[in-house]
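Worksheet: one structure, shown below.
All values reported here derive from a predicted model rather than from experimental measurement.
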Amino acid sequence: MGASWPYPFWIAHRGAGKLAPENTLAAFRLGAQHGYRMFECDAKLSADGVPFLMHDATLIRTTNAAGKLAADASETGGDHAWAELSQLDAGSWHSRAFAGEPLPTLENAARFCRANGYALNIEIKPTPGTERRTGEVVASHALRWWQGTSVLPLLTSFSHDALQGARKTAPGLPRGLLLDTLPDGWLQAALALGCVAVVCNHALWDSALVEIVHAAGLRALSYTVNDEATARRLMELGTDGIITDRVDLFSPA
């Protein structure tokens, strides 16, 4: 099944799932306190090309942008320069304990993971219309930040264009194709993109699919698994990794 697989089985979704504000260093720290050694995060670009962590295309759900930005300002994160994004509060929406937590750059997350020996799954989450460029920029930065390390970040995306950009820029960084359904040609696409894994909605996996993926030399990962019955089923199927919000429920040891 291809090269050896350097990643832990359990991966903390957006840092610590829902226990802390997603895609912040506070979440990474909390996930680490629960014993997690691999984290998933979402990366997109600021208007001036700085990769930063945020899931949604817009700022409204996970920052205080609504109260901070001018009334006529764009709600899209990628429309703002990093200097402006860095001033936002990405913690208060979650709970008072995290008030004032900033949006991190991808470099912040990289430094945290490298300093502690943690692995990172970077989901390339482009602002619509910037897919290829986001893949290129995220990959070129990741290549630099993880230079000389033994465990490289796993770059994943639903966007073929983003993965294509990542591949062209940093062919040596491992890639995974995210799938919420199984469209015609999904396996050919994953192989054509030079992927090492497919990361599926957990409900898609059955023994036949695991067999197909493993026979193709790829790893089988799942998102987002938050109950024990589902986790047990995926383990029995012989899958290779689980992304979870429930860092408090599943002990990764």
Side-chain angles (χ1 to χ4, degrees), residues 1-14 38-44 55 119-126 128-140 142-143 146 151-227 229-245:
M1 213 183 356
S4 67
W5 185 248
Y7 304 112
F9 184 82
W10 289 101
I11 304 161
H13 189 227
R14 302 181 194 173
M38 183 167 182
F39 303 92
E40 184 267 358
C41 67
D42 302 288
K44 48 174 40 71
H55 176 273
L120 190 61
N121 166 201
I122 304 168
E123 181 182 342
I124 305 168
K125 199 84 181 167
T130 68
E131 286 79 8
R132 190 174 180 96
R133 177 166 175 262
T134 304
E136 291 168 354
V137 174
V138 167
S140 70
L143 190 63
W146 272 273
V151 180
L152 297 168
L154 176 64
L155 307 183
T156 58
S157 191
F158 288 101
S159 164
H160 294 197
D161 286 346
L163 289 171
Q164 199 69 269
R167 183 186 196 183
K168 183 168 178 284
T169 306
L173 291 180
R175 290 171 301 283
L177 180 61
L178 278 157
L179 296 166
D180 199 40
T181 60
L182 294 174
D184 286 348
W186 63 268
L187 181 59
Q188 292 83 347
L191 294 171
L193 289 162
C195 290
V196 298
V198 288
V199 188
C200 290
N201 180 321
H202 65 80
L204 296 176
W205 291 114
D206 58 25
S207 53
L209 185 60
V210 173
E211 204 171 307
I212 288 166
V213 167
H214 283 169
L218 304 177
R219 301 289 169 151
L221 277 66
S222 302
Y223 71 89
T224 303
V225 177
N226 293 330
D227 69 277
T230 301
R232 200 161 45 244
R233 186 180 89 84
L234 293 164
M235 288 166 139
E236 285 165 2
L237 285 174
T239 63
D240 304 290
I242 286 177
I243 298 169
T244 182
D245 289 318

Going by distance alone, is a donor N or O of one side chain under 3.5 Å from an acceptor N or O of the other, for [X] and [Y]?
X	Y	answer
Asp240	His214	yes
Thr239	Trp205	no
Tyr223	Asp180	yes

Could you check if a side-chain atom of [X] sits within less than 4.5 angstrom of a side-chain atom of [Y], using non-hydrogen atoms only?
X	Y	value
Tyr7	Pro174	yes
His160	Leu177	yes
Leu120	Cys41	yes
Gln164	Leu193	yes
Asn121	Leu221	no
Leu187	Ile212	yes
Thr224	His202	no
Met38	Phe9	no

Considering all heavy atoms, the nearest [X]-[Y] contact:
X	Y	answer
Ala139	Leu155	CB-CD1, 4.0 Å
Ile122	Pro153	CD1-CB, 3.9 Å
Gly238	Val210	O-CG1, 4.3 Å
Ser207	Leu237	N-CD2, 3.5 Å

Pair Glu136, Arg132 - check side-chain contact (heavy atoms from CB on, under 4.5 Å), show working.
CA-CA 6 Å; Glu136 291 168 354; Arg132 190 174 180 96; 3.3 Å; yes
Do any N or O atoms from the side chain of [X] and from the backbone of [Y] form a donor-acceptor pair under 3.5 angstrom?
X	Y	answer
Thr169	Ala166	no
Thr134	Thr130	yes
Arg175	Arg167	no
Thr244	Val225	yes
Asn201	Leu204	no
Glu131	Gly129	yes
Arg233	Asp206	no

Would you please name every residue forming a side-chain contact (heavy atoms from CB on, under 4.5 Å) with His55, sequence neighbours left out?
Arg14, Glu22, Asn23, Asp42, Arg61, Lys125
First locate atom [atom1] of [X], then atom [atom2] of [Y], and finally report the distance between them rounded to the nearest 0.5 Å.
X	Y	atom1	atom2	answer
His13	Phe39	NE2	CZ	13.5 Å
Ile124	Ser159	CD1	OG	8.0 Å
Ser222	Ile242	OG	CD1	6.0 Å

Step-by-step side-chain contact (heavy atoms from CB on, under 4.5 Å) determination, Leu173 to Leu154
CA-CA 7 Å; Leu173 291 180; Leu154 176 64; over 6 Å; no
CA sep, side-chain torsions, deciding dist, call: Trp186, Val198, side-chain contact (heavy atoms from CB on, under 4.5 Å)
CA-CA 9 Å; Trp186 63 268; Val198 288; 4.3 Å; yes
Of all residues at least two apart in sequence or in a different chain, which pass the side-chain hydrogen bond (donor to acceptor under 3.5 Å, both in side chains) check with Trp146?
none
Evaluate Leu191 against Leu218 for side-chain contact (heavy atoms from CB on, under 4.5 Å), listing each step before the verdict.
CA-CA 9 Å; Leu191 294 171; Leu218 304 177; 4.1 Å; yes
